[in-house]
Amino acid sequence: MEKLQLSVIIPVYKTPADSLLRALDSTSSLMFPHETVVVFDGDPDTCLLETVESCASNDAAVRHITIPHAGLAGARNAGIQASSGAWVTFLDADDEIVPAGIEDLVAYGDRHGCQLVQGSYRKQMTETVECCGLDSRPKLFRGGGARNFLCTVFLVDCGTSTAWSKIFLRSYLIDNHILFDTTLPIEDTPFMFDAVVDMDCVGFVPACCYVYYRNEGSLVTSFREDYAQRIQQYLKEFKRRIDSLSDARVAASFEQYIVFYLLLVMLHFVFNPANGWNAQRQHAEFDRLLHIDLYQYALEHADCRQFSYSKRISAFVVRHHMFYIMKMICRLRNRQIHN
């Protein structure tokens with residue numbers, strides 16, 4: 001039996017059939033031995049099952065498993081366990097891979113003995129396209145240098161914090177018992193931290209290997225009363241992992257990550273138009289958040305120069321408690337999201 005070089009893991013839960021078909025079609029053009037493992041997170045709708053089985057009838061690399069509903073983290077974990085390729089990559093069911101880019105990552109990883117290889121990706125929005133990558137040239141992070149890559153995981157504009165647009169050496173994940181944490185509200189960054197923290201060879205190739213389709217359905221648009229509390233608890237739990245590492249560089253990068261999530265809380269909680277709050281209530285929540293020790297410390301110490309220009313402005317506004325300017329920024333951003 002031919003040895004598989006790559007397993008593509010696609011978790012599926014209530015995905016539109018046409019989006020899933022697009023994702024599956026993108027894997028069929030890979031030119032080396034591979035498998036595409038579709039993980040149905042709960043019993044699938046008939047149309048989704050038929051879509052996968054139709055693809056499997058034309059492409060022997062496609063197979064599927066069904067697990068009791070466990071969420072994205074649980075479905076990805078099941079995919080890791082069920083896969084058999086030398087490398088694994090994660091593909092969201094409403095996105096697609098770029099086969100030539102993935103092939104470049106595998107070739108680079110095999111050539112340099114990497115445990116992870118990061119690629120670039122394309123962010124496809126309704127009217128615009130944005131290319132995201134760590135650098136314009138290949139990079140190899142060896143030994144202690146792998147910590148430099150770990151720092152980028154918390155720099156949200158570097159594109160390294162997600163589980164996709166990269167390949168992982170499957171044996172490394174299995175041998176080190178690295179799985180997605182099913183107890184946290186955010187899966188990707190903690191998984192990346194756990195995966196990279198003890199690696200000694202990480203590569204980056206500036207080849208576009210993934211297309212991320214950003215649409216309103218993938219964004220936080222509804223209002224959750226517990227959103228701010230869930231994010232705060234998540235950051236506190238994550239910070240314990242960071243503190244146990246005793247690495248000042250990683251800790252400094254994490255402070256930027258905290259500021260980024262504070263900006264998200266402002267957008268999706270304090271100034272979310274769906275919350276129905278008046279200005280007085282918004283101001284009270286704004287002030288309350290800025291007096292939480294976790295956020296206060298991050299705002300005082302985070303170096304936000306690696307943020308995008310718009311995020312730097314927002315961080316400056318929040319750092320100086322400019323309530324009305326932040327309200328205006330979030331109003332404009334929410335209009336962009338909903339329009």
Side-chain angles (χ1 to χ4, degrees), residues 6-30 36-39 41 71-73 75-76 79 87-106 116-136 149 152-168 180 185-192 195 204-221 257 260-261 263-264 267-268 306-308 310-311 333 336-339:
L6 177 74
S7 295
V8 182
I9 298 170
I10 309 179
V12 176
Y13 179 71
K14 295 183 178 180
T15 303
D18 57 343
S19 296
L20 177 57
L21 180 59
R22 180 181 63 200
L24 289 167
D25 283 346
S26 73
T27 70
S28 65
S29 298
L30 288 165
T36 300
V37 183
V38 175
V39 183
D41 184 20
L72 178 60
R76 285 173 169 169
W87 298 92
V88 297
T89 193
F90 300 101
L91 171 59
D92 286 355
D94 53 358
D95 295 334
E96 60 182 303
I97 63 167
V98 180
I102 291 289
E103 290 161 10
D104 286 348
L105 267 59
V106 170
L116 180 153
V117 185
Q118 171 76 47
S120 298
Y121 69 93
R122 188 165 72 245
K123 186 187 297 183
Q124 185 79 45
M125 292 164 279
T126 304
E127 298 179 352
T128 60
V129 176
E130 180 181 345
C131 295
C132 305
L134 186 60
D135 205 328
S136 59
F149 180 83
T152 72
V153 169
F154 301 113
L155 307 180
V156 294
D157 292 318
C158 288
T160 57
S161 62
T162 64
W164 38 260
S165 73
K166 53 183 65 71
I167 59 172
F168 300 84
F180 290 86
I186 296 160
E187 304 93 354
D188 285 30
T189 312
F191 176 78
M192 281 298 298
F204 167 73
V205 179
C208 182
C209 66
Y210 196 94
V211 181
Y212 164 57
Y213 287 90
R214 185 172 183 176
N215 53 67
E216 185 173 328
S218 67
L219 300 173
V220 177
T221 55
Y257 187 72
F260 168 71
Y261 268 96
L263 299 181
L264 288 184
L267 178 66
H268 298 310
Q306 294 191 59
F307 276 0
S308 65
S310 60
K311 290 189 186 76
R333 182 69 184 109
Q336 291 175 337
I337 291 174
H338 290 279
N339 293 335

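One-based numbering along the sequence shown.
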Inset, instruction - Pick out which of I97, T27, V117 makes a side-chain contact (heavy atoms from CB on, under 4.5 Å) with I102. - result: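 Single side-chain contact (heavy atoms from CB on, under 4.5 Å) partner of I102 among I97, T27, V117: I97.
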Which pair of heavy atoms, one from [X] and one from [Y], lies closest together, and at what distance?
| X | Y | value |
| --- | --- | --- |
| L105 | K166 | CD2-CA, 4.0 Å |
| S165 | G159 | OG-O, 4.0 Å |
| P206 | S120 | CA-OG, 3.6 Å |
| S29 | P99 | CB-CG, 3.8 Å |
| A93 | A23 | O-CB, 3.7 Å |
| G101 | C209 | C-CB, 3.7 Å |

[atom1] of [X] to [atom2] of [Y]: how many Å apart, nearest 0.5 Å?
| X | Y | atom1 | atom2 | result |
| --- | --- | --- | --- | --- |
| L134 | C158 | CG | SG | 5.5 Å |
| K311 | L263 | NZ | CG | 8.5 Å |
| R122 | D95 | CZ | CG | 11.0 Å |
| D92 | W164 | CG | CH2 | 7.5 Å |
| L91 | I10 | CG | CD1 | 4.5 Å |
| E187 | L72 | CD | CG | 4.5 Å |

Do [X] and [Y] have side-chain heavy atoms sitting under 4.5 Å apart?
| X | Y | value |
| --- | --- | --- |
| Y212 | T162 | no |
| D188 | R76 | yes |
| F154 | M192 | no |
| L30 | T36 | no |
| F260 | F307 | yes |
| S26 | V8 | no |
| D25 | E96 | no |
| T189 | V156 | no |

Judged by atom type as modelled, is there a donor-acceptor pair below 3.5 Å linking the side chain of [X] to the main-chain atoms of [Y]?
| X | Y | value |
| --- | --- | --- |
| D157 | S308 | yes |
| D41 | G71 | yes |
| T160 | T152 | yes |

Legend entry - Parallel, tilted or perpendicular, as decided by the 30° and 60° cut-offs, for the rings of F180 and F191: parallel
Inset, instruction - Run the ring-centre check on F90 versus F168 and record whether the distance is less than 6.0 Å. - result: yes
Inset, instruction - Taking the six-membered ring for Trp and the single ring otherwise, decide whether the centroids of Y121 and Y210 are under 6.0 Å apart. - result: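 Ring-ring flag for Y121/Y210: false, centres at least 6.0 Å apart.
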